[in-house]
Participant: 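Structure in structure tokens, see below.
For the numbers below, each heavy atom of this structure counts, side chains included, while hydrogens, waters and symmetry mates do not. Note on naming: letters A, B, ... go to the chains in the order of the sequence lines (proteins, then strands), and numbering restarts at 1 for each one. Since the model is a prediction, treat every value here as computed from it, not as a measurement.
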There are 2 protein chains.
Amino acid sequence: MTKEAIDRLVSHNIRPSAQRISIMEYLLTHRTHPTVDTIYNDLVCKMPTLSKTTIYNTLKLLEEHDAIIELTIDKKTAHYDGMTAPHSHFMCKSCGKIIDMPLQKVDQNQTSHDFTIDEAEVYYKGYCCDCMAKRC
Amino acid sequence: MTKEAIDRLVSHNIRPSAQRISIMEYLLTHRTHPTVDTIYNDLVCKMPTLSKTTIYNTLKLLEEHDAIIELTIDKKTAHYDGMTAPHSHFMCKSCGKIIDMPLQKVDQNQTSHDFTIDEAEVYYKGYCCDCMAKRC
DNA sequence: ATACGTTTTTGAAATCGTTACAAAATTAAT
DNA sequence: ATTAATTTTGTAACGATTTCAAAAACGTAT
């Protein structure tokens, strides 16, 4: 999986440092849409000198190079997704869990004199089955 | 327009205090998707004792009672919309301006064992004509 | 290999939107 | 008019993110 991480970095013109590989690999193997804190807490054991600033820097770099996606579905904290193929997301309003959804087709080619669209995101919110079972 | 503001409050079971009426009226007459700061700066002239905390409290209250909509299209700051009829939004990545869009139909009745959807939002991003003219 | 310049990482401090809290002011009820 | 409940206010706290400059790691040319 390390190879895939390096490939993803290199193919997006990002130099593969040890920290960048770790973070990229983390996102490729964890499909949980983690936050900066989650990534930091999970990686710092194996990489004791890791800094949270490096996580911020790296995620921003990866996102700017379209190697990952930044999700803004959660008002409080950014979440990150290593799966860049188009898809949508659902967030549970009770527990905060984010679940992948099949792509809802969105017409991005709307013509207008007022603007040009180059991104469209669909965010769903509701309650996941676990939270519903607990009647939250 | 003050009457419309009071009506909107009362019909959503919110007591119409002077501050709440002002804020509600502001959102009904300004279709600019303002932030807390914008609302505060525009209203404090007429209401010198107004507190920014009151704006925060009131907007949260209005949103919880579905009298207004909170937009999370802007990662940095919440924007608010007094138009509650279903529609989508476009944000210019250069100047931050938010523009109303016709509703893109989104299927909220997707059946799943994993969750129940009760909200869906579509956010578009790109560049507005003004910023494109300035080749930003 | 070594020295030099560039890139990357790091940790501390600053920033900024938002929330918590408790006191003051206003409004409603008896 | 008193008392209780609600609303507003200002200050302080909070937490995610950014800034910044120094330290470390890396790449390259000699």
Participant: How close or far is atom P of C:dT8 from atom CE of A:Met24, stated in whole angstroms?
Facilitator: 17 Å
Participant: How close or far is atom C1' of C:dT6 from atom CZ of A:Arg15, stated in whole angstroms?
Facilitator: 8 Å
Participant: Measure CD/A:Glu63 against C1'/D:dT18 and give the value in whole Å, please.
Facilitator: 16 Å
Participant: For A:His89 and A:Asp81, which I'm curious about, is there any donor-acceptor pair between the side chains at under 3.5 Å?
Facilitator: yes
Participant: Rounded to whole Å, please give me the gap between CD1 in A:Ile14 and P in C:dT8.
Facilitator: 10 Å
Participant: What's the CD1-P distance between B:Ile21 and D:dT7, to the nearest Å?
Facilitator: 13 Å
Participant: Are any side-chain N or O atoms of A:Thr29 and backbone N or O atoms of A:Glu25, one a donor and one an acceptor, separated by less than 3.5 Å?
Facilitator: yes
Participant: I need the CZ-P distance between B:Arg20 and C:dT26, as an integer number of Å.
Facilitator: 15 Å
Participant: At what distance, to the nearest 0.5 angstrom, does OG1 of B:Thr35 lie from CG of B:Asn41?
Facilitator: 8.0 Å
Participant: Counting only side-chain N and O atoms of B:Gln19, is one of them less than 4.0 Å from OP1 or OP2 of D:dT9?
Facilitator: yes
Participant: State whether a side-chain donor-acceptor pair under 3.5 Å links A:Asp74 with A:His33.
Facilitator: no
Participant: Going from CG on A:Asp118 to OH on B:Tyr124, what distance comes out if it is rounded to the nearest 0.5 angstrom?
Facilitator: 13.0 Å
Participant: Which nucleotide in the set D:dT7, C:dT10, C:dT8 lies at the smallest distance from any side-chain heavy atom of A:Asn57?
Facilitator: C:dT10
Participant: Just list the side-chain donor-acceptor pairs under 3.5 Å for residues 8-15 of chain B, sequence neighbours left out, or say none.
Facilitator:
residue, atom, partner, partner atom, Å
B:Arg8, NH1, B:Ala67, O, 2.6
B:Arg8, NH1, B:Gly82, O, 2.9
B:Arg8, NH2, B:Gly82, O, 3.2
B:Ser11, OG, B:Asp7, O, 3.0
B:Ser11, OG, B:Arg8, O, 3.1
B:His12, ND1, B:Arg8, O, 2.8
B:His12, NE2, B:Asp66, O, 3.3

Participant: Dump the pairs, protein N or O against N or O of nucleotides 15-19 of chain C, anything under 3.5 Å, distances to one decimal.
Facilitator:
residue, atom, partner, partner atom, Å
C:dT18, OP1, B:Ala78, N, 3.0
C:dT18, OP2, B:Tyr56, OH, 3.1

Participant: For the residue pair B:Tyr80 and B:Glu70, confirm or rule out a side-chain donor-acceptor distance under 3.5 Å.
Facilitator: yes
Participant: D:dT7 C1' sits how many Å from B:Ile23 CD1, rounded?
Facilitator: 12 Å
Participant: Without decimals, in angstroms, what is the distance between B:Ile55 CD1 and D:dT7 C1'?
Facilitator: 14 Å
Participant: Heavy atoms under 4.0 Å, any strand shown: does A:Thr54 hit a base, just sugar-phosphate, or nothing?
Facilitator: base
Participant: Just checking B:Thr49: base, sugar-phosphate only, or nothing, at a heavy-atom cut-off of under 4.0 Å?
Facilitator: sugar-phosphate
